[in-house]
Amino acid sequence: MRSLKDWTFSMCGIAGFVCCAIALGVLYFNAVNHNAFVSVAVPVAIVALAAGGIATARARWLWTSGRGNQRR
């Protein structure tokens, strides 16, 4: 598996979006089930949001350093 330093701008952006979507999906699933899984859902959502934030920050850094969204 490649480290985060080897990921491209697109990979980081998509990973950030997917992680945030997973977190929202888990919280929505928990709400629909009347907080039946709150002890599992909240930690999973926190980890997913943290991972999404890290990936998004990496994508932003790649964009500002000039290595993001390069056309080939």
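We use all heavy atoms of the structure for the numbers below, so side chains are in, but hydrogens, waters and symmetry mates are not.
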### Query
For the hydrophobic clusters of this structure (ILVMFWY residues joined by side-chain heavy atoms under 4.5 Å, transitively), does one cluster hold both Val40 and Val26?
yes
### Query
Using 30° and 60° as the class limits, which term best fits the ring planes of Phe9 and Trp63: parallel, tilted or perpendicular?
tilted
### Asn30 to Val38 - nearest heavy-atom pair and separation
OD1-N, 3.3 Å
### Query
Hey, does Cys20 have a side-chain heavy atom less than 4.5 Å from the side chain of Leu49?
yes
### Query
Which heavy atom of Cys19 sits nearest a heavy atom of Ala48, and at what distance?
CB-O, 3.3 Å
### Query
Do Leu62 and Cys12 come close enough that some side-chain heavy atom pair is under 4.5 Å?
yes
### Task
For Ala59 and Gly13, work out which heavy atoms get closest and say how close.
CB-N, 3.9 Å
### Trace of the side-chain contact (heavy atoms from CB on, under 4.5 Å) decision for Leu24 with Tyr28
CA-CA 6 Å; Leu24 289 175; Tyr28 178 74; over 6 Å; no
